[in-house]
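First the structure, in the form of structure tokens, and then the observations on it.
Side chains are part of it too, since the values below use all heavy atoms of this structure and drop only hydrogens, waters and symmetry mates. Just so we're on the same page: letters track the sequence lines, and every chain starts at 1.
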Amino acid sequence: MRITDSLIERKPLVVLLGPTAVGKSRVAIMLAKALETEVLTADSRQVYRGMDIGMDKPSLEERDSVPHRLIDLVEPDQSFNAGEYRHLAVAEIDRLHRGGRLPLVVGGTGLYIRALIRGLWDGPSADWGYRRSLEENARQYGRDWLHQRLTEVDPALAGRLHPHDAVKIIRGLETHHLLGRPLSELHRQHGFGKSEFTTLLIGLAQDRDSLYRAIDARVDAQLKKGLLAETQQLLAKGYDRQLGSMKGLGYRQMAGYLAGEHSYDEAVRRLKRDTRHFAKRQMTWFRKEPDIHWLPIAENESTDRVVSRALDRVDRFLGECRSATPIAACPNPVMING
RNA sequence: GCCGAGGUAGCUCAGUUGGCAGAGCACAGCCCUGAAAAGGCUGGUGUCGACAGUUCGAUUCUGUCCCUCGGCA
């Protein structure tokens, strides 16, 4: 399906999101075929090469049938972040638009999706050397030391963050260190207010119990496919357990077992539990995201049926977009990002 | 049937020398602007097995009963 130039001007974008194990990837492949487009993954973990089973990447056959972009971008010991993601994703979307295609973004990383459709403040990425020195100081002077430092340079942000939330406190200190300005002020200026795309957000929703059953089943399937062996290979290549990528679900728990910290059964129990907790956090995030069109799906509902319901929604979206003369009348009102 | 141990939160259990019950796990709610599958916060009313007695007051003491698990028959 090609879309017309007048439509392309509006930069239409379809995003398929939802918690882990809800079946996004399966639906996405069929949706992409129907729309004659590609799958742009919005998953902070599928960017790592060699992490296939744990990150539940689509199979090679699936990737053969429909091009998947924005996966396998870096090695597990390389850093990646929301800013890079946005940069690359915008380029892919642009490429598809130029070819008259409707871009389809699929994923469960809430921040990446938000960053893509509403932007990020224009700041520096991580300074790992500085972060490590802050962590070292925190170890030496106590848990509240970082928070006290942040109170000195950015009291507004410090007031908003819990004293134990070291990751976000460190980002605030880092920004002040690099730019000399409080992060809270830069955030306020950005405000997530602008969207450069006309976006349809489709959320796949499943009732909690059946989603949890799906998670358990998927973990069992991942183990069967060789999650443990994959973890061993990654460790053997020298990827340390402390790496962000190795802290991903699956590798973290398997590495704990391999290090003799707990039994295999305990690793499996933890993996299932942690995956449930993760799914829950995803749902909390998405609940707050505005303008998501939720598709409730039944436990035994076929992928075909879900896809056809999603396609109906996409058709309606394109129709609304087409008939709307002023851009503001599009379903997801946009302000063109100057 | 007899002897022993036990019945307290969804689960495993602690505890109350008698004064409106508490941990771990599970579960739920939430925060989030370049680490985001990361990181962080919050949440415990539960006929303390049932009934009766003693007591100002019983989940705690006493009695009877019911149930579970061992052992002996």
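- Exactly one of A:K57, A:R49, A:Q46 qualifies for a side-chain hydrogen bond (donor to acceptor under 3.5 Å, both in side chains) with A:D72. That residue is A:K57.
- Residue contacts shown for A:T284 include a base, since a base heavy atom lies under 4.0 Å away.
- Cluster annotation: A:I71 and A:L249 are assigned to distinct hydrophobic clusters (Ile/Leu/Val/Met/Phe/Trp/Tyr, side-chain heavy-atom contacts under 4.5 Å, transitive).
- Of all nucleotides present, none satisfies the Watson-Crick or G-U wobble test against B:rA35 with each distance under 3.5 Å.
- Ion pairing of A:R188 with A:E185 is absent here, as no side-chain N (NZ or NE/NH1/NH2) approaches a carboxylate O to less than 4.0 Å.
- For the C1' atoms, the distance from B:rU16 to B:rA58 is 11 Å, rounded to whole Å.
- The interatomic distance linking A:D207 (CG) with B:rA28 (P) rounds to 12 Å, in whole Å.
- For the P atom pair drawn from B:rC51 and B:rC66, the interatomic distance equals 15 Å after rounding to whole Å.
- Atoms CE (A:M283) and C1' (B:rC32) sit 17 Å apart, rounded to a whole Å.
- Closest contact between the side chain of A:K280 and the listed nucleotides B:rC32, B:rG40, B:rA28 involves B:rA28.
- As rounded to the nearest Å, B:rC32 and B:rG7 have P atoms that lie 45 Å from one another.
- Tested against A:I170, the residues A:R149, A:R131, A:H177, A:R132 include a single side-chain contact (heavy atoms from CB on, under 4.5 Å) partner, A:R131.
- Of all nucleotides listed (B:rG40, B:rG39, B:rA35), B:rG39 comes nearest to the side chain of A:K168.
- Using a 4.0 Å heavy-atom criterion, one finds that A:F80 contacts the sugar-phosphate atoms exclusively.
- Nearest nucleotide to the side chain of A:H190, out of B:rC30, B:rC27, B:rU33: B:rU33.
- Comparing B:rG22 with B:rA9, their P atoms are spaced 14 Å from each other, to the whole Å.
- Out of B:rA35, B:rC27, B:rG34, the shortest distance to the side chain of A:A126 is found at B:rA35.
- A donor and an acceptor atom, one from each side chain of A:R218 and A:T275, are nowhere located under 3.5 Å apart.
- For A:D165, counting side-chain heavy atoms from C-beta on, the closest listed nucleotide (B:rU33, B:rC31, B:rG40) is B:rG40.
- B:rG46 and B:rG70 have their C1' atoms separated by 29 Å, with the value rounded to a whole Å.
- Using atom C1' as the reference point in both B:rC69 and B:rU45, the two lie 30 Å apart (nearest Å).
- For A:K288, the listed nucleotide lying nearest its side chain is B:rC31; candidates were B:rU33, B:rC31, B:rG39.
- For A:R213 and A:D209, the salt-bridge test fails: no basic side-chain N is under 4.0 Å from an acidic carboxylate O.
- A:Q253 comes within 4.0 angstrom of no nucleic acid atom, judged by non-hydrogen atoms across all strands.
- For A:R118, no side-chain nitrogen or oxygen approaches OP1 or OP2 of B:rU33 to under 4.0 Å.
- If A:L249 and A:W121 are placed on RNA chain B by their nearest nucleotide, the residue sitting closer to the 5' end is A:W121.
- At a threshold of 4.0 Å, the pair A:E289-A:R114 counts as salt-bridged, since one of the basic side-chain nitrogens sits closer than that to a carboxylate oxygen.
- Residue contacts for A:G248: at a heavy-atom cut-off of 4.0 Å it reaches the sugar-phosphate backbone alone, with no base atom in range.
- Counting atom types as modelled, A:R131 pairs a side-chain N or O with a base atom of B:rA35 as donor and acceptor under 3.5 Å.
- Under the Watson-Crick or G-U wobble criterion, with both distances below 3.5 Å, B:rC13 is paired with B:rG22.
- Contact annotation: A:Y112 side-chain N/O to B:rA36 OP1/OP2 distance is under 4.0 Å.
- Among the heavy atoms of the strands lying under 4.0 Å from A:G54 is at least one base atom, whether or not backbone atoms are also near.
- The side chain of A:R269 has B:rC25 as its nearest neighbour among B:rC25, B:rA35, B:rA36.
- Residue A:D43 is classed as a base contact, given a heavy-atom separation below 4.0 Å to a base.
- The nucleotide B:rG63 finds its pairing partner in B:rC51, both defining distances of the Watson-Crick or G-U wobble pair being shorter than 3.5 Å.
- As judged by a 4.0 angstrom heavy-atom cut-off over every strand, A:G110 is placed among residues making no nucleic acid contact.
- Among the heavy atoms of the strands, none lies under 4.0 Å from A:R114.
- The nucleotide B:rU68 finds its pairing partner in B:rA5, both defining distances of the Watson-Crick or G-U wobble pair being shorter than 3.5 Å.
- Among B:rG39, B:rC27, B:rC30, the nucleotide with an atom closest to any side-chain atom of A:Y212 is B:rC27.
- The listed nucleotides are B:rU33, B:rC41, B:rC32; the one nearest the side chain of A:H162 is B:rC41.
- A gap of 15 Å separates the P atoms of B:rA50 and B:rC11, to the nearest Å.
- In this structure B:rG34 sits in the syn conformation; its chi angle is within 90° of 0.
- With no hydrogens or angles considered, no side-chain donor-acceptor pair links A:S263 and A:E266 at under 3.5 Å.
- Separation of the P atoms belonging to B:rC25 and B:rC65 is 41 Å when rounded to the nearest angstrom.
- Among the heavy atoms of the strands lying under 4.0 Å from A:H277 are primed sugar atoms or P, OP1, OP2 only; no base atom is included.
- The 5' end of RNA chain B is approached more closely, in terms of each residue's nearest nucleotide, by A:E135 than by the other of A:E135 and A:P163.
- Annotation: A:H87 is not in aromatic contact with A:Y85 [ring centroid separation under 6.0 Å not met].
- Checking the phosphate oxygens (OP1, OP2) of B:rG40, no side-chain nitrogen or oxygen of A:R171 falls inside 4.0 Å.
- Nucleic acid contact for A:R252: sugar-phosphate only, since backbone atoms but no base atoms lie under 4.0 Å from a heavy atom of the residue.
- Of the nucleotides present, B:rG43 is the one that pairs with B:rC27 by Watson-Crick or G-U wobble criteria, both distances under 3.5 Å.
- Out of B:rC30, B:rA36, B:rG34, the shortest distance to the side chain of A:A82 is found at B:rG34.
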